[in-house]
Colleague: 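I'd like to ask some things about the structure below.
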Amino acid sequence: MQIFCTIKEVKSFVDEKKQLGNVIGFVPTMGALHQGHISLIETSRKQTDITICSIFVNPTQFNNADDLKHYPRTPDNDIQMLQDAKCDILYMPDVNDIYPNNETQQFDFGKIGNVLEGEHRPGHFNGVGQVVSILLKGIQPHKAFFGSKDYQQVMIVKELVKQQNLSVDIISCPILREPDGLAMSSRNKRLTVEERKVASLIPIIMKKAADLAREKGVTYAKLYVDEQIHQQPLMKLDYYEICDAESLDLLQDIYNKRAISLIAVFVGAIRLIDNLEI
Ligand code: PAF
């Protein structure tokens with residue numbers, strides 16, 4: 001695996017490979033890699049000829065300075081994992097390569113940008129839009145792979161690609177879970193042993209709530225989640241919503257609709273998200 005620090009080097013590598021007829025896959029990450037990221041690399045390797053991964057902890061998408069400061073960083077382990085997964089290129093820029101002029105760009109993603117994560121983490125999706133736009137324009141892959149744990153982020157990225165007329169396929173990949181069901185996340189590394197135990201309740205509560213939503217309705221399911229999380233002293237609910245899976249409109253009932261439940265919950269100081277189709 002070759003490691004590049006500038007987007008210029010990545011682009012000239014990509015241009016060369018494209019001229020030879022290769023299909024380029026791209027997996028953007030913020031590092032602290034886990035098996036979920038590796039599954040994106042594997043999917044890219046199956047669907048393309050050359051796989052590029054980026055590791056960049058993007059400061060503009062953090063609306064909480066403490067979260068940015070403590071975001072896990074494990075570069076040596078990341079490099080080893082990517083090598084083992086046979087990733088071709090790792091792009092590991094420093095902040096000046098991504099934001100050379102310090103300029104900021106403002107996006108309007110409409111309704112899907114203003115609910116859930118958009119509402120609870122102001123500025124977050126603007127930061128995601130900035131960095132993903134720079135990466136996609138700089139690297140120009142044929143396909144880019146994103147994990148669907150960040151369900152809303154995938155929708156935002158698709159909207160960004162549409163708005164900016166970029167010719168890249170955005171591929172949404174399934175959530176990978178730990179054996180106890182907890183969705184894999186770099187932030188799981190920050191949980192204490194006790195918090196990690198409690199966090200395993202999240203998928204259990206979501207599964208039961210999805211059943212309740214089908215049997216007794218959305219209001220009942222939401223009350224159930226509220227109550228269950230409230231009973232856990234280490235947990236605090238940020239939101240639990242049941243939405244139309246295509247528009248993210250909040251649903252009052254799920255009849256004849258493709259519905260998805262989405263949760264954000266603090267376990268201690270660590271904010272975790274997850275989602276489950278209903
Ligand atoms: O999902 C992530 O890790 C980040 O939001 C992304 C897409 C790499 C942009 O910084």
Side-chain angles (χ1 to χ4, degrees), residues 4 7 10 25-41 43-44 51-65 67-75 77-78 81-82 85 87 89-99 104-105 107 109 112-113 116-118 120-139 141 143-161 163-164 166 168-176 183-190 262 264 270-275:
F4 295 133
I7 207 148
V10 183
F26 175 48
V27 179
T29 82
M30 299 206 298
L33 301 184
H34 49 69
Q35 216 41 49
H37 296 111
I38 297 305
S39 76
L40 301 180
I41 301 284
T43 307
S44 171
T51 292
I52 299 169
C53 177
S54 66
I55 295 182
F56 177 63
V57 182
N58 172 36
T60 67
Q61 72 185 73
F62 285 82
N63 59 324
N64 174 329
D67 191 23
L68 172 60
K69 188 167 153 211
H70 295 292
Y71 197 81
R73 289 162 173 88
T74 56
N77 191 52
D78 293 349
M81 285 176 80
L82 290 171
C87 180
I89 298 292
L90 169 58
Y91 170 46
M92 251 180 145
D94 111 332
V95 72
N96 297 318
D97 196 56
I98 297 281
Y99 300 119
T104 54
Q105 220 184 330
F107 296 92
F109 298 116
I112 59 161
L116 307 168
E117 292 298 283
H120 290 258
R121 298 183 69 191
H124 168 64
F125 284 134
N126 205 71
V128 170
Q130 276 179 40
V131 76
V132 172
S133 161
I134 289 166
L135 290 167
L136 292 180
K137 284 180 182 161
I139 297 173
K143 297 185 178 199
F145 299 83
F146 292 81
S148 62
K149 178 174 71 70
D150 297 287
Y151 185 86
Q152 194 178 5
Q153 171 172 277
V154 178
M155 293 179 74
I156 293 284
V157 170
K158 285 184 175 165
E159 176 63 23
L160 172 83
V161 163
Q163 285 184 10
Q164 304 210 328
L166 306 176
V168 54
D169 279 345
I170 300 303
I171 316 283
S172 170
C173 303
I175 301 178
L176 250 71
M184 288 188 185
S185 164
S186 302
R187 288 188 172 86
N188 293 350
K189 293 189 170 79
R190 294 190 55 204
L262 304 105
I270 312 304
R271 187 176 183 276
L272 301 176
I273 61 172
D274 199 352
N275 63 74

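As the structure is a prediction and not an experimental result, all values here were calculated from the model. Both counts, for ligands and for their atoms, begin at 1 and track the order of listing.
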Colleague: For atom 9 (C) of ligand 1, grab the closest protein heavy atom and report residue, atom and distance to one decimal in Å.
Modeller: Gln61 OE1, 3.3 Å

Colleague: Record the part of Thr29 in heavy-atom contact with ligand 1 below 4.0 Å; permitted values are side chain, backbone, both and neither.
Modeller: backbone

Colleague: Please identify which atoms of ligand 1 are closer than 4.0 Å to at least one heavy atom of Val131.
Modeller: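 Listed by number with element: 9 (C), 10 (O).
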
Colleague: To the nearest 0.5 Å, what is the distance between NZ (Lys189) and OG1 (Thr74)?
Modeller: 5.0 Å

Colleague: Which heavy atom of the protein is the closest neighbour of atom 3 (O) of ligand 1, given with residue, atom name and distance?
Modeller: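 Sorting protein heavy atoms by distance from atom 3 (O) of ligand 1 puts Met30 CG, 3.6 Å first.
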
Colleague: With a 4.5 Å limit on heavy-atom distance, are the side chains of Pro141 and Ile52 in contact?
Modeller: no

Colleague: Calculate, to the nearest 0.5 Å, the distance between atoms CE and NE2 belonging to Met184 and His37 respectively.
Modeller: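 Separation between the atoms: 11.0 Å.
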
Colleague: How far is atom 1 (O) of ligand 1 from its nearest protein heavy atom, and which residue and atom name does that atom have?
Modeller: Gln153 NE2, 2.8 Å

Colleague: Minimum heavy-atom separation for Ile134 to Ile98, with atom names?
Modeller: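 Smallest interatomic distance, heavy atoms only, reads CD1-O, 3.5 Å.
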
Colleague: Check the side chains of Tyr99 and Asn58 for a donor-acceptor pair under 3.5 angstrom, ignoring hydrogens and angles.
Modeller: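 A donor-acceptor contact under 3.5 Å links the two side chains.
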
